[in-house]
Amino acid sequence: MTSKKKGSSTGRQRIRMAKIENESHRQVAFSKRRAGLFKKASELCTLCGVEVAIIVFSPSKKPFSFGHPNVYSVLDRYKNNNSFQQESQPLDNTETRSELSLVLSQVEEEKKKGEAMRKASEMAKWSVEEMSLLKLQEMRSALEELRNTMVVPNASYMNTMSTGFSCICNSSYVHASS
């Protein structure tokens with residue numbers, strides 16, 4: 001009888017390179033190896049800046065694909081035999097600049113929304129009963145600004161919000177002035 005040392009294992013075993021006969025085992029092996037193959041392809045793209053397309057059919061004939069930047073552009077380049085430099089250089093700097101300015105304007109809008117939300121959050125830290133009339137008016141304008149910047153999908157929801165909002169402000173206003 002052979003004794004094993006504690007903590008020792010047989011390690012990673014080499015598998016025979018032949019078709020796996022058991023169908024469920026074959027499917028499991030395919031799924032794991034497909035994920036590994038796609039991960040290696042992604043690493044190759046990241047490290048070397050290359051374009052890659054991989055198309056694999058499972059044992060059940062289902063297609064799987066990976067592509068960077070996408071499968072279709074890589075296949076089109078292969079089919080048309082275009083060079084990398086032609087594909088990677090922007091054709092029109094005006095188009096790129098307009099896209100950049102659009103993205104920058106969207107970022108600025110999001111910053112404004114975030115600032116409005118931060119202000120509303122600061123206002124919410126105080127109890128309405130403890131606020132002065134000036135603070136209540138500031139809170140009301142901040143909440144109205146926040147409501148105007150937020151996108152609300154349902155119009156009836158907006159109506160209930162504005163009705164509830166005016167009741168809160170009016171009751172607080174009366175309470176603060178009395």
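Model, not experiment: these values are computed from the prediction.
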- Task: Nearest 0.5 Å please: distance from the CG atom of L75 over to the NZ atom of K79.
- Result: 9.0 Å

- Message: Looking at E110 and K113, is any side-chain nitrogen of the basic one under 4.0 Å from a carboxylate oxygen of the acidic one?
- Response: yes

- Message: Can you pull out every ring-ring contact (aromatic ring centres under 6.0 Å, His included) where at least one residue sits in residues 26-45? Sequence neighbours excluded, please.
- Response: F30-F64, F38-F66

- Query: Quick one: OG on S65 to CZ on R34, what's the gap to the nearest 0.5 Å?
  - Reply: 10.0 Å

- Heavy-atom closest pair, residues V52 and L44: CG2-CD2, 4.2 Å

- Could you give the distance from CG (L146) to NZ (K112), rounded to the nearest 0.5 Å? 15.0 Å

- Rounded to the nearest 0.5 Å, the NZ atom of K19 sits from the CD atom of E21 at a distance of 6.5 Å

- Message: Restricting to non-hydrogen atoms, name the atom on V50 and the atom on H68 that form the minimum distance, rounded to 0.1 Å.
- Response: O-CD2, 3.7 Å

- Task: Find the distance between OG (S141) and CG (L136) and round it off to the nearest 0.5 Å.
- Result: 11.0 Å

- Does a side-chain heavy-atom distance below 4.5 Å link E23 with P59? no

- From E145 atom CD to E115 atom CD, the distance as rounded to the nearest 0.5 Å: 9.0 Å

- Query: Do NZ/NE/NH1/NH2 and the carboxylate oxygens of K111 and E108 come within less than 4.0 Å?
  - Reply: yes

- Please step through side-chain contact (heavy atoms from CB on, under 4.5 Å) for the pair R26 and N22, ending with a clear verdict. CA-CA 6 Å; R26 188 170 50 237; N22 185 320; over 6 Å; no

- Query: Any ion pair linking E144 and R140 (charged N to carboxylate O, less than 4.0 Å)?
  - Reply: yes

- Query: Just wondering, do I15 and M17 contact through their side chains at under 4.5 Å, heavy atoms?
  - Reply: yes

- Query: Judged by modelled atom types alone, do S73 and N70 share a side-chain donor-acceptor pair under 3.5 Å?
  - Reply: yes

- Note on the structure: In terms of heavy-atom contacts, A29 and I20 come closest through CB-CD1, 3.7 Å

- List the steps and the verdict of side-chain contact (heavy atoms from CB on, under 4.5 Å) for S132 and K135. CA-CA 5 Å; S132 67; K135 286 287 184 187; 3.5 Å; yes

